[in-house]
Participant: 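Sharing a structure with you now.
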Number of protein chains: 2
Amino acid sequence: MGAMTTTAGARRGRPPAFDRAAVLTAATRLFWERGYQATSVGELTGAMGIKPGSLYAAFGDKESLFREVVRAYQQSPAGVFVGVAFAEEPTTRAAFVRILREAARVYSDPAHPAGCLVISAAANVAAQDDEVAVFLRDVRAANLVGFEERLTTAKRLGELPADADPTALARYFGAVLQGMSQRSRDGADTAELTATAELAMAAWPVAGTGTTAS
Amino acid sequence: MGAMTTTAGARRGRPPAFDRAAVLTAATRLFWERGYQATSVGELTGAMGIKPGSLYAAFGDKESLFREVVRAYQQSPAGVFVGVAFAEEPTTRAAFVRILREAARVYSDPAHPAGCLVISAAANVAAQDDEVAVFLRDVRAANLVGFEERLTTAKRLGELPADADPTALARYFGAVLQGMSQRSRDGADTAELTATAELAMAAWPVAGTGTTAS
DNA sequence: TCAATTCTTGAGTGACCGTTCAAGAAAGAA
DNA sequence: TTCTTTCTTGAACGGTCACTCAAGAATTGA
């Protein structure tokens, strides 16, 4: 689908003067750093090197641009490491260990803004921009469902003890990742986040004992 | 200090037509729900029932009002439960158990906006409002220092094993609390957050073993 | 060469932002 | 009563917001 529209020549009219992927990257960086609402169209056009008219012709409006940014982000290294860990690690436990460690690295990578764009870009938003907040919340909820499905499967396969609660575990790891994202935005470095990740894995259920002591 | 200025009569000039504490509560609710930047002065004056002139005469400007809101919040039940737990619980472990459980309750209390105002009210902010973000980040950092001091003391008193890392633990619990706050803003209820809190306590060091397995 | 199509440009839209201010109203002091 | 002080009110301030549009430039198809 994308190949036909981008590679095949013979498009009528004046060609765009900018590289769509490049300006999307610039927009991503801004949204990632400041969040959706705090990023103005003026800042966007400045960073993207295009005028408002071009932005609106190419992307629709600010909200559509943001949705495209999120879509691109989810396919970037910072967005796919969860899926990659699930696909490549042999055990569910190893997958979560890897997810937490990768998050520690990615969230604090100085090559891009700190934390996770999906977690922080619409943390607070005016009533009028509710749809953006709902959109990101749905993405987060879908990620949690992915966690839960993997953990449920692991329990069915005997990888988790019978008294393990996949739903509670999924939400716990989700909360830890959101906390790590926030900590990285507060300045936490890779070492700190890695230490947090290691401690977080202590919640992994061990066969034969309850998962927590009161 | 507060008693003299509020109770003693004999103040010159026209008295304020509003209850300062009441309008502060209204402002707190708005800032808590939407965050600093996404809350406009127009919404504030509407919710507080006063005109812009009165707001600026009484509170200075939007930023000063917000700082006063944060100060009041920190002395409210939602802001003091950490200090109360430290003061009332006999052991450090019991204090952290209580902090996590209380956070689960408070963050999801439907009587007020979800989560922690200090954690979420300036999550993303434009460059011009940096000072507000820095202000809240400092508050969070101070809370972490409080955690760390308590844990360091616990280690010195033998309540924690010799290989325990108070700094890492403090940051871990800080991250968990930030994650719980975010989860509550995504709709998590008390039961979910409580389950997360219980799982989080699995990271508490046990004498004689390493704190984590790899 | 000429029409059709697509993008760029620059100027401009109304709405809302945080904030200010002069004028009037309500209190104590003289 | 009159002065002084403090608060309220309503109408504004310039600035920025997201967004639009007509006119010109660059391309393809005929």
Side-chain angles (χ1 to χ4, degrees), chain A residues 4-24 27 30-31 34-69 122 124-133, chain B residues 5-24 27 30-31 34-69 122 124-132:
Chain A
M4 284 201 54
T5 49
T6 51
T7 50
R11 278 244 307 291
R12 300 279 297 256
R14 177 175 178 173
F18 58 88
D19 176 10
R20 190 180 178 93
V23 302
L24 251 185
L30 262 180
F31 278 131
R34 302 212 220 282
Y36 174 75
Q37 185 164 274
T39 303
S40 73
V41 173
E43 290 172 317
L44 285 167
T45 55
M48 299 162 88
I50 61 178
K51 299 287 163 60
S54 299
L55 189 154
Y56 281 85
F59 298 100
D61 60 0
K62 185 185 174 185
E63 183 176 334
S64 301
L65 169 62
F66 180 72
R67 295 180 118 101
E68 190 162 337
V69 159
N124 31 41
V125 114
Q128 74 203 39
D129 290 326
D130 244 0
E131 293 174 21
V132 174
Chain B
T5 48
T6 50
T7 49
R11 279 242 308 288
R12 300 276 298 253
R14 177 175 178 171
F18 57 88
D19 176 8
R20 189 180 178 94
V23 302
L24 250 186
L30 262 180
F31 278 132
R34 302 212 220 281
Y36 174 74
Q37 184 166 275
T39 303
S40 74
V41 173
E43 291 172 317
L44 285 167
T45 54
M48 299 162 89
I50 61 178
K51 299 289 164 62
S54 299
L55 189 154
Y56 280 83
F59 297 101
D61 60 0
K62 185 185 172 185
E63 183 175 336
S64 302
L65 170 61
F66 179 72
R67 294 181 119 100
E68 190 162 337
V69 158
N124 32 39
V125 115
Q128 75 202 40
D129 290 326
D130 244 0
E131 294 174 21
V132 174

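Just so we're on the same page: letters track the sequence lines, and every chain starts at 1. None of the values given here were measured: they were computed from a predicted structure.
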Participant: To the closest 0.5 Å, what do you measure between OG1 (A/Thr39) and NZ (A/Lys62)?
Facilitator: 6.5 Å
Participant: Do B/Leu55 and B/Pro52 come close enough that some side-chain heavy atom pair is under 4.5 Å?
Facilitator: no
Participant: Would you kindly give the CG-to-P distance between A/Leu44 and D/dC17, to the nearest whole Å?
Facilitator: 10 Å
Participant: Students often get this wrong, so: under 4.0 angstrom with heavy atoms, is B/Val41 touching a base, only sugar-phosphate, or nothing?
Facilitator: base
Participant: Given side chains that start at C-beta, do those of A/Asn124 and B/Tyr36 come closer than 4.5 Å, heavy atoms only?
Facilitator: no
Participant: Quick one: A/Tyr56 OH to C/dG12 P, roughly how many Å, whole number?
Facilitator: 19 Å
Participant: Taking the side chain as C-beta and beyond, is there a heavy-atom pair between A/Phe66 and A/Gln37 under 4.5 Å?
Facilitator: no
Participant: Just how large is the angle between the end axes of the helix from C/dT1-D/dA30 to C/dA30-D/dT1, five pairs per end, to 10 degrees?
Facilitator: 10°
Participant: A/Phe59 and A/Ser64: which non-hydrogen atoms are nearest, and at how many Å?
Facilitator: O-CB, 3.1 Å
Participant: Strictly under 4.0 angstrom, non-hydrogen atoms only: write out the protein contact profile of nucleotides 5-14 of chain D, one letter per nucleotide from the 5' end, B, S or -.
Facilitator: BBBSBS----
Participant: Which is true for B/Thr45 with a 4.0 Å heavy-atom rule: it touches a base, it touches only sugar-phosphate, or it touches nothing?
Facilitator: nothing
Participant: Which heavy-atom pair separates A/Glu43 from A/Ala38 by the least distance, and what is that distance?
Facilitator: OE1-O, 3.5 Å
Participant: Are side-chain heavy atoms of A/Ile50 and A/Leu44 found at a separation under 4.5 Å?
Facilitator: no
Participant: Please examine the side chains of B/Glu63 and B/Val132, heavy atoms only from C-beta on, and report whether any two atoms are closer than 4.5 Å.
Facilitator: yes
